[in-house]
Amino acid sequence: PIRFVRTVHFNKSVKTHCLRRPRTVFADFLLQDSNMNGVTLSNVKKRGTKANSRKHRSVFLPGEDQPDMGAMKRFSTLFSSFRGKISKDRTGNEPDLPASTELSPVEEKAKEQRYASGQFFFEYLVVVRPKKTKDGIYEPQIIYQFPKKDGMVRFQKEEEEKTLKALTLFCFPEGVNWAPLTEYPSETFSFVLTDVDGTRKNGYCRRLLPDGKGARLPEAYCIISNLACFGLFSKIFDEVEQRRKFSMAMIYPFMQSLRESVFPAPGHTVNIKSFIPERGTEIISLTRPTDSWLEHVDFRTLFKCLSDEEVLQVFAATVLERRIIFIADELGTLSQVIHAVAVLLYPFIWQHTLISIVPEILIDVVMAPTPYLLGVQKSLADQATDQTELLVVDLSEGRKETFIKCMGDEDTILPHKLKDEIKQALSAKNEKSSLEELNRVVPEAFLPFFIKTVGHFAKYIVRKGKDQRGEFQRTNFCKAIESKSTRRFVKTFVQTQMFDLFIQEMEQRPASQDGTGLFDKKIAEYQKRMRGKAKKN
């Protein structure tokens, strides 16, 4: 059964039990087996009130740190039971997959160790296409996988097959409503999976109609990697798409060269040598953005779909960890907008359910009583908008209204003065702003909001000794804020899980690392400017 995860975390500094939800993009609710206490999705609605009353004594899965992200914490999700359900529902035989070049045991071990260190670009590439079943419906199935892993024991092979079958749901989240097409616009989107061992995997998909004549079925190319860099993988898809026009076999040498290359450091470039008929051997340059915390986001779609005022209302609801559903026709729009909204919270991390594209089979997730960020296709909107106490944001073109449902206070959550400052900073962009310009303007607009509201946190983390864990003085921290409107906002914000986890990390951080993070440096720069202004006055 699909089960609802509830966990526990004890905060010693506050002396209370507090809810600490893991971040997910696949299924925050899916557990490995039935020996963990949970709420089935079918019972979420009728047990929602009871779940809310117990939330402060729930039990949670611990988060997973990513060394390259610092405070940007990754959170685990389990989905084995769901994959098990898929394997039971799909009993058809899988098509034979092209075999990859076999390596010696020593070479294979070296490559596995290299991938474990996070140096490989990707784990594998799969191609998914709807296939007509005996029942006359089109079910997405994997028709190609690179590399095909050999030498696994039986249970590893079974788990691998279940995982790969689960991926098909994200490549074609609409379900079985497919038929051959003559026209279909290419689209690129992403999602995230976290395996049972806590390993975080990013899924990048490009869905397109292969070259040919007459009606034919679309294909989805899906790359699985534990590296988050949407723009770079979009460029990789461009190369894969070019090779697919010649032959599926042309994809293999390019992906082999890519998989053997070292993933570049932020701001660096890796060159891949590749051959294409009629064009000969080419050098393909892949450059990683300088700011690693922005490399998985594209703000252009967010500000194309929403006005600055609408973005601020969504931001306000997200800061208070509310339930938010985004509606759109395009999968790329949903994934790009949700990832962009999550990045606006930096240096804080969304701690709850985050599913950028909800497959039809998981649509009951909207009934969850806890906070979430969900992306739902327009065709499923009626099933997702019959809930109460949530914000539903329509991103589609030609919409009658942006906020289909709302709480009504979204435009009053943020302190008025600070809200105006964000709007003023955002005015530096325009419709023609490039991705690089937006990556500069948007963080410069939103990061100062957190600096001015909670940037004094370090003064209120008290350590009894140099190597001792710090203890956050919450009451004194709130009292130190002079502005009444800002203090009122902060008193609410400090109760969120994103702030609670952030403070826990700061309490546990060695004293020698105080002031070394990006947020710390931005705070120091702001305080220096304020002191300079004070001297002039």
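All values reported here derive from a predicted model rather than from experimental measurement.
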Exercise. Do the non-hydrogen side-chain atoms of L302 and H339 ever get within less than 4.5 Å of each other?
Worked result: no
Problem set entry | Ring geometry between F519 and F457 (parallel below 30°, tilted from 30 to 60°, perpendicular above 60°) | parallel
For this session: Would you mind reporting whether F122 and L227 have side-chain heavy atoms less than 4.5 Å apart?
Result: no
For this session: Check whether the ring centres of F472 and F477 lie less than 6.0 Å apart, and answer yes or no.
Result: yes
Problem set entry | Check: I325 and T385 side chains under 4.5 Å, non-hydrogen atoms | no
Seminar exercise, completed: Here the gap from M407 atom CE to I324 atom CD1, rounded to the nearest 0.5 Å, amounts to 10.5 Å
Exercise. Is any side-chain heavy atom of F493 closer than 4.5 Å to a side-chain heavy atom of F348?
Worked result: yes
Problem set entry | Plane angle bin for Y204 and F233 - parallel if under 30°, tilted between 30 and 60°, otherwise perpendicular | parallel
Exercise. Passes side-chain hydrogen bond (donor to acceptor under 3.5 Å, both in side chains), S285 versus N271? Steps please.
Worked result: CA-CA 5 Å; S285 297; N271 295 316; 2.7 Å; yes
Exercise. Do we see a donor-acceptor contact under 3.5 Å between the side chains of Q504 and D500?
Worked result: yes
Problem set entry | Over all atoms of both residues, closest heavy-atom pair of E437 and K432 | OE1-O, 4.3 Å
Seminar exercise, completed: Nearest heavy-atom contact between P347 and L447 is CD-CD1, 4.0 Å
Exercise. Is there a side-chain contact between I413 and F315, using heavy atoms and a 4.5 Å cut-off?
Worked result: no
Exercise. Would you call K378 and D394 a salt bridge, taking side-chain N to carboxylate O under 4.0 Å as the test?
Worked result: yes
Exercise. Side chains of F121 and L232: does their closest heavy-atom pair fall under 4.5 Å?
Worked result: yes
Exercise. Are F446 and L312 close enough that some pair of their side-chain heavy atoms sits under 4.5 Å apart?
Worked result: yes
Exercise. Strictly by modelled atom types, are S356 and S335 linked by a side-chain donor-acceptor pair under 3.5 Å?
Worked result: no
For this session: Using a 4.5 Å cut-off on heavy atoms from C-beta on, say whether the side chain of F191 contacts that of C205.
Result: yes
Exercise. Using a distance-only test with no angle check, is there a side-chain donor-acceptor pair under 3.5 angstrom linking S225 and N202?
Worked result: no
Exercise. Out of curiosity, T333 OG1 to K304 NZ, how far, rounded to the nearest 0.5 Å?
Worked result: 7.5 Å
Problem set entry | Pair F499-F450, side chain to side chain contact (heavy atoms under 4.5 Å, CB included): steps then yes or no | CA-CA 11 Å; F499 182 82; F450 291 116; over 6 Å; no
Exercise. Counting N and O atoms only, with roles assigned by atom type, does the side chain of E310 sit under 3.5 Å from a partner on the main chain of S307, one being a donor and the other an acceptor?
Worked result: yes
